[in-house]
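This report refers to the structure that appears directly beneath it.
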Amino acid sequence: MFSWLNPLRKKSGEAPAIRGNQPTTAQIISRSEHGISRSSISENALKVLYRLNKAGYEAYLVGGGVRDLLLGREPKDFDVATDASPDEVRRLFRNCRLIGRRFRLAHVFFGRDIIEVATFRALADESEENDKAVSENGIVLRDNVYGSLEEDAWRRDFTVNALYYNIRDFSVVDYTGGMADLKAGRLRMIGDPYTRFREDPVRMLRAVRFAAKLGFRIDPQSERAIRELGYLLEEVASARLFDESLKLLLAGSGVATYELLRHYQLFGQLFPETEVALTEEEEHFPHTLLLHALENTDNRIAEDKPVTPAFLYAALLWQSVRSEAALFARKKMPPIQAMQLAGDAVVARQVKRVALPKRFSLQSREIWEWQERLKQNHGGRVFRLMEQKRFRAAYDFLLLRAGSGEPVEELAEWWGKFQDASEQTRQEMVRAGNKGGGGKKRRRRPPRKRPAPNRE
Ligand code: ATP
Ligand code: MG
């Protein structure tokens, strides 16, 4: 059904690129053989493609945009690949800025919409954030080498991400077998997974992200490599892991991604203390709380409501914070201060793995600290608490805890009722306060029996 052609003939005398046993010819899927219609491509992306093409350059839509369109999904963004150099791209578009230190990319601006235009390149590492000059574990250093379309295809991560939509004739160009994998629902790393994950360990997280989002299976060889090489994530810059954590957990498929991350033992690489809390299973709240937080996040995204990393990180680290705060409190530290100190300590340890920008960590800390403030629900301060801008997030977090089996249901109910109550009822409520403060203690699961200490 498909025609096998080589769309980009190499200059004579140049040796054809060999990738293992892979053919170097491309499969060209003509307009009539695939489902991408121009009407589903953003106008701005089309403008960029057409203008490049008119000026005599090759121009393709590539990456997630093509993949998602072929799957009938709405793409998150549209990336363009071209043989024009970044400077040539800049000359063509007034509304253009070049970014990137090691590898320059052009950003073409249309109001708030950005179309990223990348020049074809050979062999690459996407880790712009990686400042290391040399890596001990074989992580490839960025080299700023431009390449052909074919080379550009082979340096990409998964075959389904290496499909190119050609604006010249509306065909899809497939060098790596991405079309077949797309149809089979298979996520296959281009080249040897061990080498590719070593070059850039973040590709392991990307594998999980796409598998969760698309419902694809990771191919067995890549699966094996992920299980063996997960520890390499330790090498990755914490700022890059923060960006990646947002794409993993705050992009609409958080629950599925979280479950797969744990399945492949990558979750603990990002959130070591959370992983410990989850595996200890002494209490079941951490898992339930996290699942509920992720479910809420996914639902909000589906409804186009805003989400904040601060809330999700507050949930991710809550178990560590509350146990550490309990330790401080046992030493007779006032509860709010104990929570503040515990929050500081847990964040300080966590940011070594995954950076959390201050503007978010401050909010997470406030959410935790407010869990103590909300207990003080008597007297005039109650009215002041409710007026503050942190109240909403703190109350939502209290609800999350109550819904996960923590013994704070009564307190959460009290605050819910208080918000809806008439002025007179409110006055009565603050006089009575919440008797018992923390609500009744309830365990849903009997505590695990500890083995009797060995007395011999
Ligand atoms: P999304 O829907 O999340 O945007 P995407 O596939 O477009 O998914 P991007 O991060 O936008 O992902 O990257 C665009 C393309 O760049 C990818 O499809 C892939 O071809 C290539 N790419 C991105 N990161 C890497 C990487 N670490 N290694 C190799 N290729 C990569
Ligand atoms: Mg993309």
Side-chain angles (χ1 to χ4, degrees), residues 5-10 17 19 24-29 34 36 38 40-70 75-93 96-100 102-110 113-126 128 142-179 182 190-191 200 203 206:
L5 292 169
N6 190 345
L8 256 200
R9 223 169 271 290
K10 296 213 156 243
R19 311 279 164 187
T24 54
T25 45
Q27 193 178 15
I28 308 290
I29 299 107
H34 66 72
I36 299 183
R38 264 163 295 162
S40 37
I41 301 172
S42 90
E43 243 175 69
N44 297 333
L46 284 174
K47 272 188 215 161
V48 171
L49 290 166
Y50 280 129
R51 186 166 320 166
L52 282 165
N53 207 218
K54 255 205 186 135
Y57 300 107
E58 291 179 61
Y60 298 85
L61 207 61
V62 65
V66 180
R67 179 197 67 215
D68 291 351
L69 285 177
L70 286 168
K76 206 177 74 197
D77 47 35
F78 291 95
D79 296 321
V80 169
T82 178
D83 61 351
S85 72
D87 285 322
E88 287 169 328
V89 176
R90 187 165 51 181
R91 258 174 259 141
L92 274 182
F93 299 93
C96 173
R97 244 182 50 205
L98 299 189
I99 59 145
R102 299 205 189 89
F103 194 91
R104 288 196 304 160
L105 294 171
H107 274 178
V108 183
F109 291 86
F110 297 90
D113 189 20
I114 301 175
I115 304 296
E116 191 167 286
V117 183
T119 305
F120 296 148
R121 59 173 129 155
L123 222 209
D125 161 35
E126 305 290 312
E128 300 278 334
R142 240 303 337 107
D143 49 357
N144 218 341
V145 184
Y146 299 118
S148 63
L149 167 63
E150 179 177 354
E151 284 170 315
D152 194 74
W154 290 105
R155 63 97 187 166
R156 287 179 185 271
D157 49 6
F158 302 97
T159 60
V160 294
N161 284 349
L163 294 164
Y164 295 76
Y165 174 80
N166 189 350
I167 199 64
R168 184 165 299 163
D169 59 5
F170 316 123
S171 65
V172 171
V173 182
D174 177 10
Y175 274 100
T176 63
M179 214 50 181
L182 201 75
I190 297 173
D200 180 8
R203 289 176 184 145
R206 290 175 60 84

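We're numbering straight along the sequence, starting at 1.
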- Test Leu105 against Val117 for side chain to side chain contact (heavy atoms under 4.5 Å, CB included), laying out the working first. CA-CA 6 Å; Leu105 294 171; Val117 183; over 6 Å; no
- Task: Show your working on side chain to side chain contact (heavy atoms under 4.5 Å, CB included) between Thr176 and Trp154 and close with a plain yes or no.
- Result: CA-CA 7 Å; Thr176 63; Trp154 290 105; 3.8 Å; yes
- Message: For Val62 and Leu163: C-alpha separation, side-chain torsions, deciding distance, then whether side chain to side chain contact (heavy atoms under 4.5 Å, CB included) applies.
- Response: CA-CA 6 Å; Val62 65; Leu163 294 164; over 6 Å; no
- Take Ser42 and Ile115, measure what side chain to side chain contact (heavy atoms under 4.5 Å, CB included) needs, and give me the verdict at the end. CA-CA 10 Å; Ser42 90; Ile115 304 296; 4.1 Å; yes
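Taking all atoms of both residues into account, the shortest heavy-atom contact from Leu149 to Phe120 is N-CD1, 3.5 Å. Heavy atoms only, all atoms of each residue included: Thr82 and Glu58 are closest at OG1-O, 2.7 Å. The heavy-atom pair separating Glu116 from His107 by the smallest distance is OE1-NE2, 2.9 Å. The two residues Leu46 and Arg38 make their nearest non-hydrogen contact at CD1-O, 3.7 Å. Val160 approaches Gly178 most closely through the heavy-atom pair CG1-O, 3.7 Å.
Considering only heavy atoms from C-beta on, His34 comes within 4.5 Å of Leu70 through its side chain.
A distance of 6.5 Å separates OH of Tyr146 from OG of Ser85, quoted to the nearest 0.5 Å. Taking CZ of Arg121 as the start and CD of Glu151 as the end, the distance is 12.5 Å to the nearest 0.5 Å. Atom CG of Leu69 is separated from atom CZ of Phe78 by 5.0 Å, given to the nearest 0.5 angstrom. Interatomic distance, CZ of Arg97 versus CZ of Arg90, reported as 11.0 Å (0.5 Å rounding). Rounding to the nearest 0.5 Å gives a distance of 8.5 Å between OH of Tyr175 and OG1 of Thr25.
Within 6.0 Å of atom NZ in Lys54, 12 or fewer heavy atoms from other residues, nucleotides or ligands are found, so the atom counts as exposed in its surroundings.
With Thr119 contributing its side chain and Asp83 its backbone, the two residues share no donor-acceptor pair below 3.5 Å. With Arg51 contributing its side chain and Leu92 its backbone, the two residues share a donor-acceptor pair below 3.5 Å. Remark: the backbone N or O of Phe170 is not paired with any side-chain donor or acceptor of Asn166 at under 3.5 angstrom.
In this structure, a donor-acceptor pair under 3.5 Å is present between the side chains of Ser171 and Asp169. Remark: the Arg156 side chain and the Asn161 side chain contain no N/O donor-acceptor pair separated by less than 3.5 Å.
Scored by the side chain to side chain donor-acceptor pair (under 3.5 Å) test, Arg168 finds no partners at all (sequence neighbours excluded).
Ion pairing between a basic and an acidic side chain is recognised when a charged N comes within 4.0 Å of a carboxylate O; Asp157 and Arg206 show such pairing.
Using cut-offs of 30° and 60° for the angle between ring planes, the Tyr164 and Tyr60 rings count as perpendicular.
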